[in-house]
Each structure stands twice: as C-alpha cells, then as structure tokens.
Amino acid sequence: LALITSAPALQAEFLDTIAAIEQPLAEAITARTDADHHTGLGPEVLAAAVSAAARVAAQRWLQPDPDTTFSVMLQDALTWIAPALRAADR
C-alpha cells in the first residue's frame, strides 16, 4: 500500500479497482437477498454505496500524511452504511 501512496498513476488504478467492484458486488447481494436484479434497485444501490464508501476512504487515505491506515478508514466508512446492509440481509 505504501507504493500506491507514492505513485499518482497507481493511485488512479487503485481508485478504478474500487469502482470495478460495484457490478460483481451487486450480483452477490442479489444472490444473497433473493432480489430480482431486473426490477429491484436495492442490490445495485447497496453495491454503489459500498463502492462509494470505499472510494471516499481511499481518497482520504491517499491524501498526504493520513492519520490512520486504509483498513481503519474503510471500516469507518462502511460503518455509515452498515444498517442498510444488515437490513437487506434479512
């Protein structure tokens, strides 16, 4: 991870990789919740929220001299959407 913070091109790739999780994550949420992926927005919205939380955490972590680790920032970001994720898993 230290290499990512020191190379702008790697930072961009890291953020692109986070964005790429959205569709597979939506498919996994659909399968887990038995939602209809053709008509239900829920899985896609939840996947977008997770992707956005990860992106925001990464962008903060990539700032000069972050005050914590990426994993701590990611956990904090996901805490904000955890209630929605738990509700979908019922």
Side-chain angles (χ1 to χ4, degrees):
L1 290 176
L3 183 58
I4 292 170
T5 61
S6 65
L10 291 178
Q11 291 175 12
E13 287 298 320
F14 184 58
L15 293 173
D16 287 346
T17 300
I18 289 171
I21 69 168
E22 200 168 310
Q23 185 58 37
L25 186 56
E27 292 169 6
I29 292 169
T30 298
R32 183 174 179 128
T33 61
D34 293 326
D36 183 352
H37 73 282
H38 296 293
T39 59
L41 294 176
E44 290 179 62
V45 169
L46 289 173
V50 170
S51 179
R55 180 182 43 79
V56 169
Q59 287 172 331
R60 289 278 183 94
W61 177 71
L62 290 169
Q63 296 301 311
D65 302 318
D67 59 354
T68 190
T69 64
F70 175 64
S71 61
V72 169
M73 283 191 182
L74 180 59
Q75 181 64 38
D76 185 38
L78 292 173
T79 297
W80 287 93
I81 60 172
L85 295 170
R86 280 193 293 277
D89 199 27
R90 294 183 187 153

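The figures that follow rest on heavy atoms only: side chains count, while hydrogens, waters and symmetry mates do not. The chain is numbered in sequence order, starting from 1. This one's a predicted model, so the numbers in the text were calculated from it and none came from an experiment.
- The two atoms that bring P43 and T33 nearest to each other are CG-OG1, 4.4 Å, heavy atoms only.
- Expressed to the nearest 0.5 Å, how far OG1 of T69 lies from CH2 of W61 amounts to 9.0 Å.
- Q11 is linked by a side-chain hydrogen bond (donor to acceptor under 3.5 Å, both in side chains) to nothing, counting only residues two or more places apart in sequence or in another chain.
- With rounding to the nearest 0.5 Å, the separation of CZ in R60 from CG in D67 is 9.5 Å.
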Would you list the atom pairs, donor with acceptor, under 3.5 Å between side chains in residues 72-81 and any protein atom, with sequence neighbours excluded?
from	atom 1	to	atom 2	distance (Å)
T79	OG1	Q75	O	2.8

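- Put simply, CD1 on I29 and CG on L85 are 6.5 Å apart, with the number rounded to the nearest 0.5 Å.
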Could you tabulate the donor-acceptor pairs under 3.5 Å formed by side-chain atoms of residues 13-22, not counting sequence neighbours?
from	atom 1	to	atom 2	distance (Å)
T17	OG1	E13	O	2.9

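- Under 3.5 Å, the side chains of E27 and Q23 contain a donor-acceptor pair of N or O atoms.
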